[in-house]
There are 2 protein chains.
Amino acid sequence: MANIQQVAKQAGVSVATVSRVLNGQNTVSSKTRIKVEEAIKNLNYEPSMLGRNLRNSESRILLILIPSISNPFYLEIIKGIEQVALSQNYNILLCETDSNPEKENIYFDLVRKKMADGIISMDPAVNIDTLKELAEKYSIIQCSEYNLDSGIPYVSIDNEEASYRAVKHLIQIGHKKIALMNSDEKFLYARQREMGYQRALEEHGIPLNEDYIIYTKHLGFEHGQQAMKKILAIQDRPTAIFAVSDLLAIGALKEINASGLHVPNDVAVVGFDKIDFSSMTNPTLTTIAQPMFKMGTVAGEMLIDKIRGEHVDNVILNHELVLREST
Amino acid sequence: MANIQQVAKQAGVSVATVSRVLNGQNTVSSKTRIKVEEAIKNLNYEPSMLGRNLRNSESRILLILIPSISNPFYLEIIKGIEQVALSQNYNILLCETDSNPEKENIYFDLVRKKMADGIISMDPAVNIDTLKELAEKYSIIQCSEYNLDSGIPYVSIDNEEASYRAVKHLIQIGHKKIALMNSDEKFLYARQREMGYQRALEEHGIPLNEDYIIYTKHLGFEHGQQAMKKILAIQDRPTAIFAVSDLLAIGALKEINASGLHVPNDVAVVGFDKIDFSSMTNPTLTTIAQPMFKMGTVAGEMLIDKIRGEHVDNVILNHELVLREST
DNA sequence: CCTCAAAATGAAATCGTTTACATCCATATG
DNA sequence: CATATGGATGTAAACGATTTCATTTTGAGG
């Protein structure tokens, strides 16, 4: 495994010159450049990132914090981040926290130990105090879920408005008894989406029914099923469900089917995210499309700018209501 | 951002001693250990992985090559790998190749440039010649999909037997007209699963009908739909489908539903992998369960052993037929 | 109190780059 | 021909840890 010294020796030049060739600096005469390139080829030389990274005090690795790799919502975002990262010679380290502070801390350590140059946090359950503290010394961006007070730059959508439009759609096709399948209120997006739900109801003179709001602990399929069971047991059963995640909605779909009811004739369902699976279900799912890929590219660009020491502004992206078979 | 020198100075010892404390060597007297630990705390010192990695000629990063992050089959494997990796102080770099040689090469470069200590390849479309060449100098393990000639250690299941049992199950519940929805024959697992299919038919005296075998280019949902369309158009329509991936099977399910036929009464469907989503469909999917998490942990252990210079043997894990509503 | 082995510590080399600064050389100019 | 100029190249010092080997300190045993 040759190193730069050996290349220099073989080419009859100094390591500085080899380094210059390696980094495409134009102060090298073409004569010596060729000599060096030949030596590189001869020796099968590959520059070591270890040496380079130490010298440059960078790892060229970006950390991505997600609660669960199983939630397809994040996958498309990750693809976006990856595209930007690769194009700028960064690599991404995917970190599944399981919303577990201990695991989270393992990953935070990576940036403390210079193993990573920055973090994109998408975990709603992230310890915001630690994150804030970290953000003073390191580059951090919040993606999708964010905390305003933290002062950490974020990219997201307008959750309140998106939710409002989803519920308004249900009202417009004739529903009055609309349930909200929400996640834990400790999350900002959950509160924002609930506000949109309330605004839509108010605006159309529909009184708020507390029984129609169900909170789930996680955004998984099973939690959607369980929540739906509760909703189906309500005396004055809702005729429409707005779930704050497609996975919840798909769980609801499954449970409604199992109970012998029909979607959308008996119960209409609207999801949120537009994950791939939402078009694979039977019936396909009406949902709010988040621009996930775009969100990823923006987050990636923001983080890299931040690492470079540039100033970055918060970004709010557009969403879209996608009408399909479930309404 | 303190370094080891400053800690040494503050503690009034040499860097060697600090390093010894850092690495928990027991040749340090408790008196000086305490001094050093206090200095570390005072200065908020965090050892830099960049320096350590260069000195140790390692990156403590494992590369995972997958064709597509969207295929949930890989997610569970990745979780297995991650568990082992973290427990041994490694981190994993997830690399989506899109079966694109160019992108693949970017990632291969990471190991050539010492940015990664080894590779777990799960991409059936990997360029096996490059992989073989790389395996001479670096630590590589094949997971799930493998190439025997390459001499690169692998962990997988007995695809032929699994496929045989799936088809046998269909035969036992009365089916004779069984279609095989296979992926491209250039993949070893595709050939192995086709052999299992043939053996099951032969053994029960069912003649092979070439029209009942459909090849798809990729393992995605849409490809399952398209393949199913072709199958439904066959004159003497099959009464059962064995798809070599759950995603294909779910696509088939969707298409069968759309055509007004009923699963399993009109057409039975068996999938392969037991991805999470296979229990969320309507009806739920009978499938071959691969021990994905286990496969991940084994692959992780094999790779780390290999990196340590130990000898590793190939591993074949058990599979299981999971009966659900679609048959 | 001396001796000596064992334990504790330190000095310095090393890993493989990049880069500031110094130096060399060729060429143009007077 | 001497000299200034600028381009091409080299020297050596970082970056931040680990580790070998040498040296010092410690403490037990006589």
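By convention in this document, chain letters (A, B, ...) are assigned in the order of the sequence lines, proteins followed by strands, and residues within each chain are numbered from 1.
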Side-chain donor-acceptor contact under 3.5 Å, D117(B) with S59(B): yes

Polar side chain donor-acceptor pair, S183(A) to Y189(A), under 3.5 angstrom: yes

I78(A) to I92(A) - nearest heavy-atom pair and separation: CG2-CD1, 4.0 Å

Between [options], spot the one nearest the side chain of [X], thanks.
X	options	answer
P47(B)	dT19(D), dA17(D), dG10(D)	dA17(D)
S14(A)	dG16(C), dT11(D), dT18(D)	dT11(D)
R55(B)	dT18(D), dT18(C), dT9(D)	dT18(D)

Need one value for [X]: base, sugar-phosphate or nothing, where a base atom within 4.0 Å counts as base even if backbone is also close, heavy atoms only.
X	value
N53(A)	nothing
V18(B)	nothing
Q5(A)	base
S19(B)	base

N127(B) side chain vs T130(B) backbone, donor-acceptor pair below 3.5 Å: yes

Distance below 4.0 Å between T32(A) side-chain N/O and dT9(D) OP1 or OP2: yes

Distance below 4.0 Å between T17(B) side-chain N/O and dG10(C) OP1 or OP2: yes

Residue whose closest nucleotide on DNA chain C lies nearer the 5' end, S30(B) versus Y45(A): S30(B)

Upstream residue (5' side of DNA chain D) when K31(B) and L54(B) are each assigned their closest nucleotide: L54(B)

